[in-house]
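In what follows, a single structure is set out as structure tokens and then discussed.
Position 1 is the first residue of the sequence, and the numbers go up from there.
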Amino acid sequence: MNALVALCHFCELHGPRTLFCTEALHPPSPSPSSQAGIAVSGDGDVDRDGEGLTMRANSSASQRGEMCEGCRSLPASHPGFMSIDDETGIRFLSHQHPREPQLFSVVRQACVRSLSCEVTNCPCTAVLWTPQTTGWSSLFFNKWLFIFILISIRQVCPGREGPIFFGDEQYGFVFSHTFFIKDSLARGFQRWYSIVMVAMDRIYLINSWPFLLRHLRLTIQSLQSTAMKVFENEQGICPQRAVRMNSVFSPAVFPHQRSGNAARSLTSLTKHPNLWSSLHSSFSWLLKACGSRLTEKLLEGAPTEDTLVLIERQTEQEEEMNCWEGAQGDISKPRGHQFDSELVPEDQSSGPRFRSLRHLRQVLGAAEFRQVAWHVLMGNQVIWRGADARLIQSAFTVLKSLLPVGCLRSIPYSSHYEEAYKCNFLGLSPDVAIPVHVSSSEFSVLVDVSAETGHHSPIQDNISSFYQFYISSANTQPTDKGPTLLNKLEVALSNENLSVDVVSHCLLCLKEEWMNKVKVLFKFSKVDGRGREDTQKVLALLGTTGTGEEDNVRLLKFWMTGLSKTYKSHLMSAVRGGERSPSQ
């Protein structure tokens, strides 16, 4: 992700200042200047002096001396921090200021806006910043008067603490979270800070809002709790409130603290010896995680039902992760949703695998494959039992291609039986007993996998020479008539002139064709509420009657359960919105 994270501070002497900045440098490419529209130079011309960067960015000699203890994080001679991502080769660099003058200007503007005018429910500050504003002196004739007004506004305006989003195409878009740190020597006993993430991609940044808010709050809460301990300790030694009430306030020295220590560094406020290296680690992880959690995919035409279901599941997984992290307080890497994956052997890195539907059909035999595929398409529970967990998982991977994503509920390998409502694909270890009500049910099929004796080295291309497959089911209904989708698929699988890739595309087209029929049937029967006779007429129009009619109807009803929530809610909202005519 082309973005950077910065920690900013509102200094009572010098106004908004950037304290610490972390940016990601991607590996060299033929046109590095195309990244984020900002040129990135090599390491040789990097000016590590924060004052030097200020000079280069602003070309103002007066800026050089405007650095106090509260405005500086790292010494000018400090080389900064660098971390390298071994997977991508991306380097994460941290210092007080960005590497380039263009970036300095962007971060500087984001810093000023986050700490001065960009606050919610505060119209009185909107006039203090406009894109045409270039300096503090252009706003007010008296610089100190301007600082006084800003400080006063920050104290009385509501909404001054918390997250906010702002920006434009020219200067980039900013996610900012403003917060305060307790300081016993500061005016109001607190100092204002903000963490900003700047990126040129507005949609990407908005979509990352919940993720950024969750993890930035963890960092902020850590800083605040650490500073609170220091504050309480200092107040216990010398309560400042009583001292100030007994002192006389002099307007002549308003810009300066009475104690003579107007600016205290964040390090002194938190007493954290490794504060900046810790922030570097936190910001670097945030950039990496934020960049990897969302990926762009090119979709040709409208998104398919599988795509919509995958998006919905990803959202549910993130919500589940949020609840888990909120309960456990864990800020480690996000956890993805996992089904029951117990007892999966880790030492089976090699061995036979099913590569495709055609390969599975060749190993099982045409009749046995059709029986298993029929149960898959009808929504029955398909159980594989054997010692080779990875072989069973490869079989499931191949068989899952027969169904829409919304119809898949899989437990790859388990030490005990799971009911059909939990999963329609179930892998079991060889010693697991199948309950009687399952073995006697016509809505399940069992595939027992046993190793041939005398063989010790399984051959990838000849699974049948190493394993034997026993298929059993209480179903007595013949599977040779339908459904139509299976008949067409077997024609493609038996045609050796068609490659595996061509067969895969044929299956994809067949699934899309029947998914469209499912949508019509759902709209007609569930949404419009038509009767049985009308439904039969629609089924005839869809071409599902005739040979294998019963299997076709069962397939449509099962696949109806895999429709995305997005599609269903769209149809229901259309009906509630009055799109259906009274005659319907």
Side-chain angles (χ1 to χ4, degrees), residues 305-306 357-358 360-361 364-384 395-396 398-410 420-421 423-426 438-447 471-495 503-504 506-526 530-563:
E305 281 298 298
D306 285 356
L357 284 171
R358 176 175 289 170
L360 180 63
R361 187 172 183 264
L364 297 182
E368 290 76 8
F369 170 81
R370 183 180 180 88
Q371 182 181 4
V372 174
W374 182 87
H375 282 277
V376 171
L377 292 173
M378 294 299 102
N380 297 338
Q381 189 176 43
V382 179
I383 307 171
W384 283 59
F396 287 169
V398 170
L399 289 172
K400 286 177 182 179
S401 63
L402 295 172
L403 295 178
V405 174
C407 296
L408 299 178
R409 303 182 310 279
S410 174
Y421 71 89
C423 59
N424 52 343
F425 290 94
L426 175 62
V438 177
S439 58
S440 60
S441 172
E442 62 179 274
F443 301 108
S444 65
V445 61
L446 173 63
V447 181
I471 302 175
S472 59
S473 174
N475 177 67
T476 58
Q477 180 180 351
T479 61
D480 56 342
K481 292 184 178 181
T484 306
L485 185 149
L486 180 57
N487 296 333
K488 292 183 178 181
L489 175 62
E490 285 208 304
V491 172
L493 290 173
S494 60
N495 189 346
V503 174
S504 299
C506 289
L507 177 58
L508 181 62
C509 293
L510 287 172
K511 288 168 60 178
E512 284 298 307
E513 175 189 351
W514 281 81
M515 203 54 169
N516 288 332
K517 295 179 181 180
V518 169
K519 291 180 179 179
V520 173
L521 183 61
F522 177 81
K523 174 68 166 61
F524 193 82
S525 60
K526 302 298 183 180
R530 297 300 185 93
R532 183 180 181 86
E533 294 183 0
D534 291 339
T535 302
Q536 287 297 120
K537 294 179 182 179
V538 171
L539 291 175
L541 291 175
L542 294 176
T544 59
T545 57
T547 304
E549 176 182 357
E550 183 179 351
D551 289 343
N552 287 332
V553 174
R554 283 187 61 182
L555 183 148
L556 291 174
K557 290 182 177 179
F558 171 54
W559 283 29
M560 198 180 297
T561 63
L563 287 173

| message | Show, in sequence, the C-alpha distance, side-chain angles and deciding distance for Trp374 and Val445, and conclude whether the side-chain contact (heavy atoms from CB on, under 4.5 Å) test is met. | response | CA-CA 10 Å; Trp374 182 87; Val445 61; over 6 Å; no
| task | Would you give the length of the straight line joining atom CG of Leu426 to atom CZ of Phe396, rounded to the nearest 0.5 angstrom? | result | 6.5 Å
| remark: Output for pair (Ile383 CD1, Asn424 CG), nearest 0.5 Å, gives 11.0 Å
| Contact check, side chains of Lys511 and Leu402, non-hydrogen atoms, under 4.5 Å | no
| message | For a quick test of reading the model, state the closest non-hydrogen atom pair linking Ser473 to Gln371 and the distance between them. | response | CB-NE2, 3.9 Å
| query | Please walk me through it: do Met515 and Leu563 pass side-chain contact (heavy atoms from CB on, under 4.5 Å)? | reply | CA-CA 9 Å; Met515 203 54 169; Leu563 287 173; 3.9 Å; yes
| Verdict with reasoning, Leu542 to Phe524, per side-chain contact (heavy atoms from CB on, under 4.5 Å) | CA-CA 12 Å; Leu542 294 176; Phe524 193 82; over 6 Å; no
| For Leu486 and Leu555, what are the C-alpha separation, side-chain angles and deciding distance, and is it a side-chain contact (heavy atoms from CB on, under 4.5 Å)? | CA-CA 10 Å; Leu486 180 57; Leu555 183 148; over 6 Å; no
| For atom NZ of Lys488, is the number of surrounding heavy atoms from other residues, nucleotides or ligands below 6.0 Å larger than 12? | no
| Do other residues, nucleotides or ligands put more than 12 heavy atoms under 6.0 Å from the NZ atom of Lys519? | yes
| task | Would you please name every residue forming a salt bridge (charged side-chain N to carboxylate O under 4.0 Å, His left out) with Glu549, sequence neighbours left out? | result | none
| request: Kindly say whether Phe443 contributes a backbone atom to a donor-acceptor pair with the side chain of Gln381 at under 3.5 angstrom? | output: no
| message | Would you say that Trp559 contacts Leu403 through its side chain, given a criterion of any heavy-atom pair below 4.5 Å between the two side chains? | response | yes
| message | Are the side chains of Leu485 and Leu377 in contact, using a 4.5 Å heavy-atom criterion? | response | yes
| Charged N-O contact under 4.0 Å between Lys517 and Glu513 | yes
| note | The reported gap from CG in Leu399 to CG in Leu408 (rounded to nearest 0.5 angstrom) is 10.5 Å
| CZ-NE2 distance between Arg370 and His375, expressed to the nearest 0.5 angstrom | 12.0 Å
| said: So, taking the atom named CG in Leu510 and the one named CD in Glu512, what distance separates them when rounded to the nearest 0.5 Å? | reply: 10.5 Å
| field | Non-hydrogen side-chain atoms of Arg554 and Asn380 separated by less than 4.5 Å | value | yes
